[in-house]
Amino acid sequence: MLAKSSSTLLQSDILKSIEAGVLLWQTNSSTIELYGRWDRLLGYELTTPAAISTQDWLDLLHPEDTQLCISARKEITSGFRDHYSYEARIKHKSGHWLWFKEEANLLQHEDEEPRTVISTLTAISEQKNLEQHCLEAQTQLNNLVKTLPSLVYSISFSSGRMYIFDDDENLMGLAGAEGDASEWWHSKVHPDDVAKQSALFEDWINHGSSDTLYRKYRLLDAFGEYRWIVDRTRAVTSSDRATDFIGSFYPLSELNLLQMRLKKLAEIVPGVIFEYELRADGSSCFPYTSQGIKRIYGVDPEDIRDNADMVYQHIHPDDLSAVKESIQQSAESMREWRVEYRICLPDKTIWVSGYSVPRRTSSGSIIWAGMVVDITEQRAYQDKLKKLASTDELTGIYNRRFFILRMEEFFASVQREQQVVCVAMFDLDFFKKVNDTYGHAMGDEVLKRIAEEVQKNIRRTDIFARIGGEEFALIMPHTSPEEAAVLAEKLRIVIGQLNFTHNGENFKVTATFGIAAMQKGVPRADMVLNQADQAVYKGKNAGRNRVTLCSSLE
Ligand SMILES: Nc1nc2c(ncn2[C@@H]2O[C@H](COP(=O)(O)OP(=O)(O)OP(=O)(O)O)[C@@H](O)[C@H]2O)c(=O)[nH]1
């Protein structure tokens, strides 16, 4: 197919030195002379120059491209133009197709016949492949953008031009657009959000814009409604300089909006909202806690996300086992968890109330969702109220109401257990005289002082109360009547030794004690108090200032 040419050696040597094939053809001839490196390009080992028939040349071309070549050459033979160029595929010796570009120029004047045309053949397969890849990547990217539920945009850093990828299915209903980024943005963002969001963008740029900028604001959609969206922006860098921004707008769903509102609500709740998980292996963690966890437990949500230990470490040691037990009970019964306990913080101890509802998960763990609220103030108020309800206003010791309640409790425990609880009652002697002689205020002072002194001389477990005007009573747990009599005697002496002074005049008071015992078989608690009262009465009749056992103890 290929024959040796008769062209000069000099020409062929020059042409050999360039990395391209060179073609020379006379328009009136059916032969093409080939020079340069065309042989190497196509895998032939022939020395150049060589000659090839026009038809052989066309046969080397890809069938789809032969017409290109014919038409291009016709441009010159018909005298329309003096140059042409086209890109086509040519068959390599090994059988595969190579892309090349032929650029031809008419060498001789058109009046001269035959006319000579010279053209260069350059291999462009690599470039073609690259173009093909780019095209494919572009198509893939466009397809990808169309599958996203977001509206994707790019902004040129230098020109500020914005390009919004067209996607008629996007959730915002917004069309693809090209224009000034700032203008587009300002026309779409809710006026109340502009200042803050601009500041965030500026700040991001000034800090190197290396991370993704994540913003939430309201954007006008195609239907004239402001929608909450998430705008994620990234900088495209080249040589460490931002050249473009790419980003996307994603409308927040109802669920997202709900989450946003819940998060805000969670932050203002006076406590912590949490999810506590007890795993099947017994370990526990807090998958979610609102920011209030810092106020309540002094820890961050991240500190306890995988391990709840830090929370347990803050629970008051006296309450820890009760808290753990309450969780255990709730886990066993799958009933709500409700408990009040103390939390120790570095500077104070607070009371909290916890409430949550358990549910089982498919992984075998139990998750409680609920909240813990600071009730320190409420608790202090309750304590105060409780104290007020149980305290005698004048003396500060327990009042009759509280005393009777405790009597009932002891009465119940005496019925269950083998224990003796003694009750002592005492009534001041001739107290009316104290009031009459020194005044009611002085009488009050006497009552207070006696309460104080008796309190000092009894055990911490004894319950001491003022049950009437000048009547006092004591519950003495785990005390036999004999021991009770000894204590009463001691108190009688203490009272009798107290010195009172009014307007320079000294006086003393005495008290008469009666003792009864609460034992198994006594039908009612108040009967024990009656028995003690009767013993006092007996003591009064016997001359006062003495200790008397009730008749059943004699
Ligand atoms: N100052 C003062 N006096 C009280 C109070 N409650 C009761 N009294 C007085 O205590 C006195 C009790 O008097 P009585 O019941 O007659 O008994 P008494 O004078 O102590 O005589 P005996 O009990 O028989 O030894 C009355 O004068 C009451 O007014 C009080 O809160 N303050």
Side-chain angles (χ1 to χ4, degrees), residues 384-407 422-458 462-476 481 484-517 526-554:
K384 205 168 160 191
L385 276 184
K386 227 187 207 168
K387 202 163 175 223
L388 278 176
S390 63
T391 309
D392 172 56
E393 218 179 319
L394 178 70
T395 59
I397 60 173
Y398 292 124
N399 59 18
R400 181 183 182 89
R401 192 180 150 272
F402 182 78
F403 187 84
I404 300 293
L405 278 176
R406 296 309 309 267
M407 280 276 287
C422 273
V423 173
M425 234 183 105
F426 66 89
D427 185 297
L428 302 186
D429 300 329
F430 304 120
F431 195 60
K432 186 173 181 317
K433 213 173 132 196
V434 172
N435 276 329
D436 292 348
T437 315
Y438 308 109
H440 205 264
M442 187 64 218
D444 283 357
E445 280 307 307
V446 172
L447 291 171
K448 278 202 265 186
R449 178 85 189 279
I450 287 173
E452 253 172 54
E453 292 302 320
V454 170
Q455 188 80 66
K456 275 188 215 164
N457 284 280
I458 59 175
D462 295 337
I463 310 290
F464 177 41
R466 180 174 172 226
I467 60 168
E470 21 68 86
E471 272 178 345
F472 295 84
L474 264 171
I475 301 173
M476 295 165 279
V486 170
L487 175 68
E489 184 57 22
K490 181 179 139 191
L491 295 177
R492 186 189 69 77
I493 293 167
V494 164
I495 293 170
Q497 286 175 343
L498 293 175
N499 287 316
F500 299 98
T501 310
H502 180 75
N503 290 339
E505 193 184 329
N506 293 331
F507 67 96
K508 289 180 181 283
V509 290
T510 58
T512 300
F513 286 74
I515 291 172
D526 61 343
M527 285 178 71
V528 181
L529 202 58
N530 276 344
Q531 286 174 352
D533 192 29
Q534 277 164 23
V536 171
Y537 185 71
K538 233 162 114 183
K540 291 267 181 188
N541 285 338
R544 298 179 171 82
N545 190 19
R546 65 193 60 220
V547 177
T548 310
L549 295 177
C550 73
S551 49
S552 61
L553 296 175
E554 282 173 346

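Remember, it's 1-based here, ligands and their atoms both numbered in the order they're listed.
- Only the side chain of Arg466 comes within 4.0 Å of ligand 1, counting heavy atoms alone; its backbone N, CA, C and O stay farther away.
- Looking at ligand 1, you won't find any N or O of Leu447 less than 3.5 Å from one of its N or O atoms.
- Residues Glu453 and Ile495 fail the side-chain proximity criterion, which asks for heavy atoms closer than 4.5 Å.
- Ion pairing of Lys540 with Asp429 is present here, as a side-chain N (NZ or NE/NH1/NH2) and a carboxylate O approach within less than 4.0 Å.
- Atom 24 (O) of ligand 1 has its closest protein heavy atom at Arg544 NH2, 3.0 Å.
- Protein heavy atom closest to atom 7 (C) of ligand 1, with residue, atom name and distance, is Gly469 CA, 3.4 Å.
- Residues Ala517 and Pro481 come closest through the heavy atom pair CB-CG, 4.2 Å.
- More than 12 non-hydrogen atoms from other residues, nucleotides or ligands lie less than 6.0 angstrom from CZ of Phe464.
- Among all protein heavy atoms, the one lying closest to atom 20 (O) of ligand 1 is Phe431 N, 2.7 Å.
- Applying the 4.0 Å criterion to heavy atoms of Gly443 picks out, from ligand 1, the atoms 1 (N).
- Relative to the six-membered ring of Phe500, Arg449 meets both conditions, a distance below 6.0 Å and an angle of at most 45° to the axis.
- Heavy atoms of other residues, nucleotides or ligands lying less than 6.0 angstrom from NZ of Lys432 number 12 at most.
- Neither the backbone nor the side chain of Met442 comes within contact range of ligand 1; no heavy atom lies under 4.0 Å.
- Closest protein heavy atom to atom 21 (O) of ligand 1: Phe430 N, 3.5 Å.
- Under the 4.0 angstrom criterion, atom 14 (P) of ligand 1 counts as lacking any protein heavy-atom contact.
- When only non-hydrogen protein atoms are considered, atom 22 (P) of ligand 1 lies nearest to Lys540 NZ, 3.4 Å.
- Residue contacts with ligand 1, taken as heavy atom pairs separated by less than 4.0 Å, involve Leu428 solely via the backbone atoms N, CA, C and O.
- At least one donor-acceptor pair closer than 3.5 Å links the side chain of Ser390 to the backbone N or O of Lys387.
- Using a 4.0 Å cut-off between heavy atoms, Asp427 contacts ligand 1 through its side chain alone, with no backbone atom that close.
- If you check which protein heavy atom lies closest to atom 19 (O) of ligand 1, you get Lys432 N, 2.9 Å.
- Of the heavy atoms in Asn435, only side-chain atoms (C-beta onward) come closer than 4.0 Å to ligand 1.
- Judged by distance alone, the side chain of Arg546 and the main-chain N or O of Arg544 form a donor-acceptor pair under 3.5 Å.
- The single protein non-hydrogen atom nearest to atom 17 (O) of ligand 1 is Glu470 OE1, 3.9 Å, given as residue, atom name and distance.
- At least one N or O atom of Asp444 sits closer than 3.5 Å to an N or O atom of ligand 1.
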